[in-house]
Amino acid sequence: MTIATPTAAGRAPTRWPRSFRLLYTAAVAHDVGFHVGQLAVPVLAVSLLSAGPAQVGLLGALSTAAFLLVGLPAGVWVDRWPRRSVLVAADLLRAVLVASVPVAWWAGWLSIHQLYVVVFLTGLGTVFADVAAQSYLPELVGRDRLVAANSLLVTTSGTLQIAGRGVGGLLVQLLTAPAAIVLDAVGYAVAAAAVGRIPAGGPRSGPTREPGGFARQLGAGVRHVLGSPLLRPLAVSTASINLTMQLTTTMLPVVFLRELGLGAAALGLFLGVGGVGSLLGALTARRLAGRIGHGRALWLPGLLVAPLGLLVALVDTGPMLWLAGLGWLALAWRTGIGNVIGVSLRQAATPDALLGRMNATFRFLLTGALTVGAAIAGLLSQFTDVRTSLLVGAVANGLTWLPVFLSPLRALRRPPGA
C-alpha cells in the first residue's frame, strides 16, 4: 500500500514510513469490521434476542466498561511492554471473542448473557489496543507529522464509517446480524497480521521501567493530564461530548427498529451519515486550525452545531428523518475536527515516557464517559421513554464546548513544540 501526503504547496508528496503504512493497514482492517459489528450487535440483540431498552443500555455500557476498570493501569503496562506485541495480542483476542457470536448463534446457543461477556472482554482488548496504538504513533511517524498522521487516520476512519455502517445495515438485513459479525472477526485477524509485520526494533521496541512503584507511575500519568492547563479542559470537554452522544447512539436502534418501524438498512445509512460528517471534519481540521488556531478549532464548531443537535432527538419518518440526518452530520463534523486536533495536541504536549499513561488516562475518562452514557440511556429509557434519552443528550451536548472556551486553550494558536 502506497500512502503519501503533501508536505507543502507545490512540493512532491512524502511517503510514509513502512511501519506506519502497516499500522494504517491494520487500522483500515479493524475499522471495516468494527463499524459493521457496532451496528450488527445491537440489531442482533433487539431483533433476534428480543432485548429491551435496559438490556440494550447494559450492552452498550459493558462494551466500554473495561476502560473504567483497567483503563488507568493499562497505561502503566503499555509504557512497560512492547507496544507492537500489545497490539497483536489485543487484535487476536478480539478476533476469537467476536467469532464466538456467529458460531454460538448457528449452534443454537447464543444468549444475551453471552453477548454481555463478549462485548465486555472485547472492550478489554480495546483498552490495550487503543492506548498502545496512540502511544506507538509518535515513534512511527515523528512528532512533526502527528497532525498529518492523525488527519489521515481519522479521514480514513470516517470514510470507512460511511461504508461500514451502510454496508453493515444491508448485510444485516440480507444475511442476518450473526453473518455480518463474521466480518468484524476477520477485520481483527487481518489487523493482527498487519501489525505483526512491523519490524521490531527502535527506541521503544522493548519494555521500559521507570523508577518508582506501579502506583507512583500510574499517578504520574493522571497528574500530567489533570494538572495541565491544556490537557485538563480538553479531557473534560471530550468526555462530556462522549457521554452526551452516547445517550443518543445507544437508543437509536430501539427508535429505528421498534418505534419508527424502519429496518437495519435505514439505521445503517443514518449512522453512515455520521461517517460523512466525521470525514468532513477530519478533512477540514488542519485548514481550520491553521486559519483560526488550534484552540478555537476545538470550541467554535461545538458552539455552531449546538442547535442542530436537537434535530436528532426529533427523528421521525418523512422530512424529519432528513433533518435529523443533517443534525447527525453536523455533530459528527464537530467530532471529526476534535479527533484530529485534540489527539495531536495530547501527543505533542506529552513526553515519550508518559505517552502510554497519558493516553490511558484520556481513554479512561473518554471511554468511561461512554459507559456512563449508555447506562444512563438505559435507565432513562426504561423509566421514561427512549425520546427522553435523545433529548437530554442533545441539550447537554450543546454545552460541551464551554470547558475549552473557559480555559487557556481558547486562543491557542499551535500545539506545544510545533
Side-chain angles (χ1 to χ4, degrees), residues 16-17 19-27 30-31 66-67 70-91 93-94 123-154 157 191-192 194-196 198-210 214 217-226 228 230-231 234-235 238 339-368 415-417:
W16 291 102
S19 295
F20 174 73
R21 297 201 304 272
L22 288 168
L23 185 69
Y24 177 85
T25 301
H30 159 265
D31 281 357
F67 283 89
V70 299
L72 290 176
V76 180
W77 289 319
V78 168
D79 278 338
R80 291 180 173 185
W81 298 338
R83 289 163 183 164
R84 176 170 142 312
S85 300
V86 172
L87 285 168
V88 172
D91 283 332
L93 170 67
R94 292 183 291 179
L124 184 65
T126 301
V127 172
F128 289 92
D130 283 1
V131 173
Q134 290 187 351
S135 305
Y136 203 16
L137 186 62
E139 177 185 338
L140 298 183
V141 303
R143 290 177 176 270
D144 59 325
R145 303 182 73 184
L146 281 175
V147 174
N150 282 310
S151 178
L152 176 60
L153 289 168
V154 175
S157 180
V195 174
I198 296 177
R204 275 306 322 270
S205 61
T208 62
R209 185 68 62 93
E210 290 185 16
F214 188 94
Q217 293 177 32
L218 187 151
V222 176
R223 286 192 299 273
H224 173 70
V225 172
L226 299 185
S228 167
L230 299 182
L231 298 184
L234 180 63
T238 313
N339 284 343
V340 173
I341 304 302
V343 172
S344 301
L345 174 64
R346 285 156 43 185
Q347 292 166 333
T350 303
D352 288 340
L354 280 171
L355 278 170
R357 281 163 285 173
M358 177 277 293
N359 285 315
T361 302
F362 264 91
R363 298 304 289 178
F364 170 81
L365 296 172
L366 273 51
T367 313

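For clarity, every value in this text was computed on a predicted model and none was experimentally measured.
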Taking all atoms of both residues into account, what is the closest heavy-atom pair of [X] and [Y], and its distance?
| X | Y | value |
| --- | --- | --- |
| V195 | A26 | CG2-CB, 3.5 Å |
| R83 | L355 | NH2-CB, 4.4 Å |
| A90 | A129 | CB-CB, 3.9 Å |
| L146 | A348 | CD1-N, 4.2 Å |
| A235 | L365 | CB-CD1, 3.9 Å |
| G71 | A360 | O-CB, 3.1 Å |

Indicate yes or no: at least one non-hydrogen side-chain atom of [X] is less than 4.5 angstrom from one of [Y].
| X | Y | value |
| --- | --- | --- |
| V76 | W81 | no |
| L137 | L153 | yes |
| L140 | L23 | yes |
| T350 | L231 | yes |
| L124 | V70 | yes |
| R80 | F214 | yes |
| F128 | L93 | no |
| H224 | R357 | no |

Pairing residues for [X] by the side chain to side chain donor-acceptor pair (under 3.5 Å) criterion, not counting sequence neighbours:
| X | result |
| --- | --- |
| T126 | R94 |
| T367 | none |
| S135 | N359 |
| T361 | none |

**OP:** Carefully, step by step, assess N150 and N339 under the rule side chain to side chain contact (heavy atoms under 4.5 Å, CB included).
**Re:** CA-CA 8 Å; N150 282 310; N339 284 343; over 6 Å; no

Subject >> Lys NZ or Arg CZ of R145 over W16 ring: under 6.0 Å, within 45° >> reply: yes

Subject >> Cation-pi geometry met for R346 and F362 (6.0 Å, 45°) >> reply: yes

**OP:** Identify, with sequence neighbours excluded, every residue that meets side chain to side chain contact (heavy atoms under 4.5 Å, CB included) alongside T238.
**Re:** L234, L366

Original post:
Got a sec, which pairs hit salt bridge (Lys or Arg N to Asp or Glu O under 4.0 Å) with one end in residues 125-134, sequence neighbours left out?
Top reply: D130-R363

**OP:** Starting from the C-alpha separation in whole Å, work towards a yes-or-no answer on side chain to side chain contact (heavy atoms under 4.5 Å, CB included) for V86 and Y136.
**Re:** CA-CA 10 Å; V86 172; Y136 203 16; over 6 Å; no

Original post:
Roughly how far apart are L354 CG and D79 CG, rounded to 0.5 Å?
Top reply: 7.0 Å

